[in-house]
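One structure, pasted below without further comment.
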Amino acid sequence: SGFLPTRFESIVIFVFFGYCFLSTAILGYTWQTGDQVFKTHEAGVSRYVGDRSAIIVSYIFPLLFIFAGRNNFLQWITRWKQSTFVTYHKWLARICCLLIFVHAVAMACQTQGLGKWHSRLATYWYRWGIVGILCFWLSAAVASYTIRKHLYEVFVITHIIFVAIGLAAAWIHSRSQLYEQFYIACAAVWCFDRFVRIVRLCYFGIRTAHATVLEEGTIKVSIPYHKHFTPFPGAHGYVHFLTPANFWQSHPFTFIYNKEDTEHLHFYIKAKKGVTKRIHDAIIKNGGSHQIKVMLEGPYGNRNGYERYDKALLIAGGNGIPGIYSHAISMIQNSVKTEVKLIWVIREYRILNWFKNELAHFKGTKCRPIVYVTRPDSPININPNLSSTDSESNEKETSENEKSPSMSIDELKEAFDFIDFRTGRVDIDQLISEELQDTTGTVSVGVCGNPNMVDHVRSAVAEKIDTCPYRVDYFEELQVW
């Protein structure tokens, strides 16, 4: 579904889990009769298991904070996308919670075996250990998919609070055994990431964005940027909408990068729940167009070098088009030798309304976008007029789209002769097979769309890769947070 780890990620997670299990439960334990420190087998083995699990947790914790950060130096080194590190962060956190549980049970058994409940509960380090256990388990509970999906604001606030208290508790608890340096490192990583994020926000500054509601509940947000800001194809940024209810939140969106527009970044945002729903409703209340103060943190992302290949096959579904489009138009504008094929899959013809001006940049170029319409019987209510992409033109065009008469398919193809329209669902397997066989050089495949579509493309590339005599590389533009 796109929310589960990929095959490679699953292997890494499974191997690491196996290592933690073996290290904690089986390997390296010996208790001898007559032990002068731990008089009983229960006291000895429980202490060994308790210490080992705590030490492994201490080793893992700095990675948890590095993987969760937006300014992750490992991402710069490996060029893995952020969602890969988020996946590892989630699963390492689950492993840590299990190890913390093992540590708690083992030390409780040892305390019981030694008869030290009263004396240990009187110590600060034991009490703070209990606080840390509760906080980390609560932080994992509020990070469940259901809460993140339906109560994202609750997740953000409570997760940060529980982690902060838990980290402080672990720091104090581990100081008695001289392991506090691991938790100091966690705090340093967290503070560094937050500091860089603040610097990025201050560098971009407060801007007045123009927001417009387009087709299918899509919001176009155009943000002016200064000349020292360096966007690149496929990049994303975290947008702060500076309203009383939303200023403290930031949400990631991929923006359109077009070198011909050196003044604005354009975001196409699908209105869902939470912040995007509130912004959408505010725009509708204001007549379909709205000025709003924003701050942008970014740009983030990797520079996937499609231009280094002989062919670039770029596939997008629905609102996944911005990043894919940016790569395609950048290669066309830079006159690279790469053969560029852009494929966009949409449900209905009218969705074309909110992106037709961007696609018009391909008119007269060597790239002819292919648009698949999966519901070909839908009305063709499209305004055939093409205008500039500035905010005022979009506002005017939106009102015209609402009263546009239906046109025939022939009229549509004539008005948008630079687009190759096809109907029905795209056969991903056949498409990948044909493109890999019909090539005279290296191929890069990029995709961004709904998780099922992305999974299908990845699977098809993996299955068909041996049919191509040239190098084939796969780039996944989808980010799952």
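Along the sequence shown, residues carry numbers from 1. Here the structure is a predicted model, which is why all the values come from computation and not from measurement.
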Test your reading of the model: is there a side-chain donor-acceptor pair from His361 to the backbone of Glu358, 3.5 Å cut-off?
yes

Does Phe16 CZ have over 12 foreign heavy atoms under 6.0 Å away?
yes

Is atom CG of Leu74 surrounded by more than 12 heavy atoms (other residues, nucleotides or ligands) closer than 6.0 Å?
yes

Steps toward ring pair (Phe, Tyr, Trp, His ring centres under 6.0 Å) verdict (Phe255, Phe267)
CA-CA 5 Å; Phe255 53 77; Phe267 295 81; 5.6 Å; yes

Does Val447 reach the side chain of Leu478, with side-chain heavy atoms less than 4.5 Å apart?
no

When the aromatic ring centroids of Phe355 and Tyr268 are compared, is their separation below 6.0 Å?
yes

Check for a donor-acceptor pair, side chain of Trp91 on one end and backbone N or O of Tyr88 on the other, with a separation under 3.5 Å.
no

Rounded distance [0.5 Å steps], SG in Cys448 versus CD1 in Ile324:
6.0 Å

Would you call the rings of Tyr238 and His236 parallel, tilted or perpendicular, taking 30° and 60° as the class edges?
perpendicular

Which pair of heavy atoms, one from Val57 and one from Cys96, lies closest together, and at what distance?
CG2-O, 4.1 Å

Do Ile292 and Ile279 make a side-chain contact, defined as non-hydrogen atoms from C-beta onward lying under 4.5 Å apart?
yes

For Ile321 versus Trp344, what's the shortest heavy-atom pair and its separation?
CB-NE1, 3.7 Å

Is there side-chain contact between Lys270 and Thr276, with heavy atoms separated by less than 4.5 Å?
no

Any side-chain heavy-atom pair of Thr212 and Leu214 under 4.5 Å
yes

Does any part of the side chain of Ile346, heavy atoms only, come nearer than 4.5 Å to the side chain of Thr374, both counted from C-beta?
no

My understanding is that only residues two or more places apart in sequence, or in another chain, count here; which of them pass side chain to side chain donor-acceptor pair (under 3.5 Å) with Gln430?
Glu434

Using atom types as modelled and distance alone, determine if a side-chain donor or acceptor of Arg375 lies under 3.5 Å from a backbone N or O of Tyr349.
no

Taking only residues two or more places apart in sequence, or in another chain, which ones meet Asp310 in a salt bridge (Lys or Arg N to Asp or Glu O under 4.0 Å)?
none

What pair of heavy atoms forms the shortest contact from Arg70 to Tyr300, and how long is it?
O-CE2, 3.4 Å

Could you pull out all residues at least two apart from Arg471 that satisfy salt bridge (Lys or Arg N to Asp or Glu O under 4.0 Å)?
Asp473

Atom pair CG/CD1 of Leu342 and Ile419 - distance to nearest 0.5 Å:
9.5 Å

Residue set satisfying side-chain contact (heavy atoms from CB on, under 4.5 Å) with Val336, at least two apart, ordered chain then number -> Glu307, Met331, Asn334, Thr338

Ser378 versus Arg350: any side-chain heavy-atom pair under 4.5 Å?
no

Are Trp80 and Phe85 an aromatic pair by the rule of ring centers under 6.0 Å?
yes

Would you please name every residue forming a salt bridge (Lys or Arg N to Asp or Glu O under 4.0 Å) with Glu435, sequence neighbours left out?
Lys311, Lys341

I'd like to check the salt bridge (Lys or Arg N to Asp or Glu O under 4.0 Å) partners of Lys277; sequence neighbours left out, ordered by chain and number.
Asp281

Tell me whether Trp354 contacts the main-chain N or O of Thr218 through its side chain, where contact means a donor paired with an acceptor under 3.5 Å.
no

Hey, could you give me the NZ/OG1 distance between Lys81 and Thr84, rounded to the nearest 0.5 Å?
5.5 Å

Applying side chain to side chain donor-acceptor pair (under 3.5 Å), can you list everything that pairs with Asp427, at least two apart in sequence or on another chain?
none

In short, Ile13 meets Pro5 closest at the heavy-atom pair CD1-CG, 4.0 Å

Would you indicate whether the side-chain heavy atoms of Phe67 and Thr87 approach each other to under 4.5 Å?
no

With Thr467 via side chain to side chain donor-acceptor pair (under 3.5 Å) - residues at least two apart:
none

Audit row: Tyr145, Phe155, ring pair (Phe, Tyr, Trp, His ring centres under 6.0 Å) steps and yes/no:
CA-CA 10 Å; Tyr145 174 72; Phe155 153 69; over 10 Å; no

Counting N and O atoms only, with roles assigned by atom type, does the side chain of Arg148 sit under 3.5 Å from a partner on the main chain of Ala143, one being a donor and the other an acceptor?
yes

Once salt bridge (charged side-chain N to carboxylate O under 4.0 Å, His left out) is applied, what residue pairs with a partner in residues 183-204 remain, sequence neighbours excluded?
Asp193-Arg197, Arg197-Glu297

Test side chain to side chain donor-acceptor pair (under 3.5 Å) applied to Asn246 - qualifying residues, sequence neighbours left out
Thr243, Arg278

Between Phe182 and Phe65, does the ring centre distance come in under 6.0 Å?
no

Which atom names give the shortest non-hydrogen contact between Tyr470 and Gly441, and what distance separates them?
CB-O, 3.3 Å

Establish, for the pair Arg308 and Tyr306, whether the NZ or CZ atom is under 6.0 angstrom from the six-membered ring centre and no further than 45 degrees off its axis.
no

For Asp455, does its backbone N or O pair with a side-chain atom of Ser459 as donor and acceptor, under 3.5 Å?
no

Between the CD1 atom in Ile100 and the CD1 atom in Ile95, the distance rounded to the nearest 0.5 Å is 12.0 Å

With a 3.5 Å distance limit and no angle check, can you tell me whether His210 reaches the backbone of Ile223 through a side-chain donor-acceptor pair?
no

Side chain of Asn302, backbone of Asn304: donor and acceptor closer than 3.5 Å?
no

Salt bridge present between Lys464 and Asp466 (N-O < 4.0 angstrom)
no

Test ring pair (Phe, Tyr, Trp, His ring centres under 6.0 Å) on Tyr152 and His251 and set out the steps.
CA-CA 11 Å; Tyr152 183 79; His251 292 264; 5.4 Å; yes

So, Ser326 side chain and Tyr257 main chain: donor-acceptor pair closer than 3.5 Å or not?
yes

Are any of the side-chain heavy atoms of His266 and Lys220 separated by less than 4.5 Å?
yes

Ignoring hydrogens and geometry, is there a side-chain-to-backbone donor-acceptor pair from Lys366 to Glu339 under 3.5 Å?
no

Distance, nearest 0.5 Å, that separates NE2 of His456 from CD1 of Ile315
10.0 Å

Pairs of donor and acceptor atoms involving the side chains of residues 224-232, under 3.5 Å and at least two apart or interchain, shall be tabulated with distances.
residue	atom	partner	partner atom	Å
His226	ND1	His228	N	3.2
His226	ND1	Phe229	N	3.2
His226	NE2	Tyr203	O	3.0

For the CD1 atom of Ile60 and the CG atom of Leu92, what is their distance to the nearest 0.5 Å?
6.0 Å

side-chain contact (heavy atoms from CB on, under 4.5 Å) involving Trp248 - partner list, sequence neighbours excluded:
Glu153, Val156, Ile157

Please report the closest heavy-atom contact between Ala141 and Ile147, naming both atoms and the distance.
O-CD1, 3.7 Å

